[in-house]
Amino acid sequence: MYWYNPKSRTSERVQAPSTDEQAIQMLAGTQDSAEFIEEYCQLRRSGTPIEQALVLVGHEFRLRQPEYQLVLR
């Protein structure tokens, strides 16, 4: 899958996780991880597939970055 990794703040191509546990591991490990994981869990509870939920989390957090906010204004 191709996604924006909110932990490393880079776009990357990685193997899509097959379980929620693997997906959460991909989001864990930074001071902002709780927020990433919370967003991911909300998407999963609403029925979003694992890969799509990760892509959406990455997209959401990329748009929150100051350099992207300037472009959007």
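The basis for the numbers below is simple: all heavy atoms, side chains too, and nothing from hydrogens, waters or symmetry mates.
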Please go through Y2's hydrophobic cluster and name the other residues, only I, L, V, M, F, W, Y counting, with side-chain heavy atoms under 4.5 Å joining them.
none

What is the distance from atom CD of E39 to atom CD of E60, rounded to the nearest 0.5 Å?
5.5 Å

When you look at Y4 and E12, which way does the side chain to side chain contact (heavy atoms under 4.5 Å, CB included) test go after all the steps?
CA-CA 6 Å; Y4 179 82; E12 61 186 14; over 6 Å; no

Does A28 have any side chain to side chain contact (heavy atoms under 4.5 Å, CB included) partners at least two apart in sequence or in another chain, and if so, which?
I37

R45 meets the side chain to side chain contact (heavy atoms under 4.5 Å, CB included) criterion, sequence neighbours left out, with C41, Q42

Rounded distance [0.5 Å steps], NE2 in H59 versus CH2 in W3:
14.0 Å

For the atom pair CG (D20) and CD1 (I50), what is the distance rounded to the nearest 0.5 Å?
4.5 Å

Grab the two heavy atoms, one from G58 and one from P6, that are nearest each other, plus how far apart they are.
CA-CD, 4.2 Å

Any residue meeting side chain to side chain contact (heavy atoms under 4.5 Å, CB included) with T30, in chain and number order, not counting sequence neighbours:
K7, D32, S33, F36

Going from CG on L27 to CG on L54, what distance comes out if it is rounded to the nearest 0.5 angstrom?
5.5 Å

Would L63 and L56 show up in the same hydrophobic cluster when neighbours are defined by side-chain heavy atoms closer than 4.5 Å?
no

Listed by chain and number, what are the salt bridge (charged side-chain N to carboxylate O under 4.0 Å, His left out) partners of E35, not counting sequence neighbours?
R64

Kindly write out the residues that satisfy side chain to side chain contact (heavy atoms under 4.5 Å, CB included) with Q22, not counting sequence neighbours, or none if the list is empty.
P17, S18, T19

Rounded to the nearest 0.5 Å, what's the gap from CE on M26 to CG on N5? Could you check?
6.5 Å

